[in-house]
Structures are given as structure tokens and as C-alpha cells.
Amino acid sequence: KIMVLMTIVLAVDVAIGFVLFGQLGILLVGTLASMVVLWSGRTSIWVWMQLYRAKRLEERQAPGLRRVLKLLSERAKISIPELYVMPKSTCGAEVMSTMDGSGVIVLHEASLKQFSVEELGGIVAQKVAHLAHRDVVLIQLVNAMHRLMLTVAFGGFLGAILVGPWGELGLEAALLVFGLVFTGRMAFLFIWYDLRQERAVAADTTGSMLLGTPRPLMRALAVSFRLS
């Protein structure tokens, strides 16, 4: 499904480039797509932590949770991710990773107040599973390609509207660009939703296997639903 999504996005980008600039447009879009693929997943973790205003969770602050994280990482055969806390009033956590395999788990501040240690272990196990499956890097890549498609589409549509009445493209080009991106985005969102659900279920299953029981994760989900 990842390949299908990438193919949809790239096909729409190439089609828009060809409509607007012919073979030169295909070359330009191909260059932009290559840059996105090469850059995706290479942003420093430190940069993300600054954007989220997240602070590192020291071992003395949560020694039990760090022991659980180490055990889960060993079972999943991945490098031990760092633990951070971000100021957020909702219960949950984020997970981030880079192409070199380093990762972080960012707990929402409210989670430390609302979840027990057992429930936090369930949340951490799910995020470790995402890191083990390499979901984060793949999702970052697909998101980056999706943003490229929207950027190319917006620029192409706006350009065709502005120069259409006086240029060679005509307003038909703007309508064609709109049709391409609308169709491509609808197909993208349909597959994207299904893929996210599939990866979430897989992470829940793997996280429960790493813990040896689904109880902590089920309790954490129950608390999240109750508080939402």
C-alpha cells in the first residue's frame, strides 16, 4: 500500500508537470520528488524536539518506565529510544524516527498525570512496535510526497488561472490540474486511512506480544476513551 500511495502521488505530480510545462515539467517534478525522498527522515531529532518544546525525561524521574522501555527494545531488537515529555493536555504519545534508526517516544504531559505506570508501559510498547516496524519513517516519506503533490497542484492551478486568459495554456489547463489533484487526493486519502488503521492494529498486536499481555495497552486505551 505504501508503493500504491507513492505511485498515485508521483503520477499526479508528473501529469501536472506535463500539462503545464511538457517534458520540462516532468523533469522538474522528478527532481523535486527525488529531493523529497532523499531528505525525508533525515531531519535531526533535536529539531523536532525544539518544535514540540519537549524535554528529556531523565532516568531519575521515571526509573521504572525506563527499565520497561529497555526490556521492550531488547525484545523488539531495536536501539533504545529516548523518552521525552511535551506540554500537551491530551493523553497520548508521539513517536519519531530517522533513517539511521534512532528514535524517540514523546509522552504528552497529561499522560504522566492520568496513566498508571502499567498503562504508560502499554503506550510505550505500542510506540516501540511502530519503531520496530519502521512505520514512522515510511509515514514521514508518504506525508512529504503528499505535501509535494499539494504544493505542485496549488502552484500549477494558480499559475494556470493567472496566465490562462493571456497565455497558451488556457483555463482548460487549470481545470485539468484541479481534476487531477482532486482525483489523486481522494484515492490517496482512501488508501491512507486504510493503511493507518492497518499499521495501528499491527502495532497494538506487536506491542501486546512484547509485553506478554494486552492488559496494559487495553487499560491505557480505556482511560483515553474515558477522558476524551
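Residues Met186 and Val181 fall within the same hydrophobic cluster, defined by Ile, Leu, Val, Met, Phe, Trp and Tyr side chains chained together at heavy-atom separations under 4.5 Å. Under the 4.5 Å side-chain heavy-atom criterion for Ile, Leu, Val, Met, Phe, Trp and Tyr, Val14 and Phe182 are members of the same hydrophobic cluster. No continuous path of ILVMFWY side-chain contacts below 4.5 Å connects Val201 to Tyr193, so the two sit in separate hydrophobic clusters. Leu71 and Leu211 are members of different hydrophobic clusters when ILVMFWY side chains are connected at heavy-atom separations under 4.5 Å. Linking Ile, Leu, Val, Met, Phe, Trp and Tyr residues whenever their side-chain heavy atoms come within less than 4.5 Å places Val12 and Phe190 in a single cluster.
Around the CZ atom of Arg56, the shell of radius 6.0 Å holds more than 12 heavy atoms that belong to other residues, nucleotides or ligands. Atom CE of Met209 has 12 or fewer neighbouring heavy atoms from other residues, nucleotides or ligands inside a 6.0 Å radius.
With hydrogens and angles disregarded, a donor-acceptor distance shorter than 3.5 Å links the side chain of Ser111 to the backbone of Gly92. Counting only distance, with no hydrogens or angles, the side chain of His108 and the backbone of Lys88 share no donor-acceptor pair below 3.5 Å. Of the possible polar contacts, none joining the Arg215 side chain to the Glu118 backbone as a donor-acceptor pair under 3.5 Å is found.
Here OG of Ser73 is found 4.0 Å from CG of Leu69. Values are rounded to the nearest 0.5 Å. In this structure, CG in Leu65 is found 12.0 Å from CZ in Phe115, a value given to the nearest 0.5 Å. Rounding to the nearest 0.5 Å gives a distance of 5.5 Å between CD of Glu74 and NZ of Lys70. In this structure, the separation between CE on Met218 and OG1 on Thr213 is 8.5 Å, given to the nearest 0.5 Å. Between the OG atom of Ser97 and the CZ atom of Arg134 there is a distance of 5.5 Å, given to the nearest 0.5 Å. Taken to the nearest 0.5 Å, the OG1 atom of Thr206 stands 12.0 Å off from the CG atom of Leu131.
The side chain to side chain contact (heavy atoms under 4.5 Å, CB included) test with Val124 singles out one residue from Ile105, Val95, Leu210, and that residue is Ile105.
Smallest separation of non-hydrogen atoms from Gly184 and Ile8: O-CG2, 3.7 Å. Residues Pro63 and Gln61 come closest through the heavy atom pair CD-C, 3.7 Å. Summarising the geometry of Cys91 relative to Ala110, their closest heavy-atom pair is SG-O, 4.0 Å, with the distance given to 0.1 Å. Listed here is the closest heavy atom pair of Ala15 and Leu180: CB-CD1, 3.8 Å. The nearest pair of heavy atoms linking Arg66 to Glu58 is NE-C, 3.8 Å. Heavy-atom minimum distance, Gln126 versus Asp204: NE2-OD1, 2.6 Å.
Inter-residue side-chain proximity for Val106 and Lys127 is flagged as unmet; no heavy-atom pair is nearer than 4.5 Å.
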Quiz item: Stepwise, does the side chain to side chain contact (heavy atoms under 4.5 Å, CB included) test hold for Glu94 with Val104?
Solution: CA-CA 8 Å; Glu94 316 292 336; Val104 296; over 6 Å; no
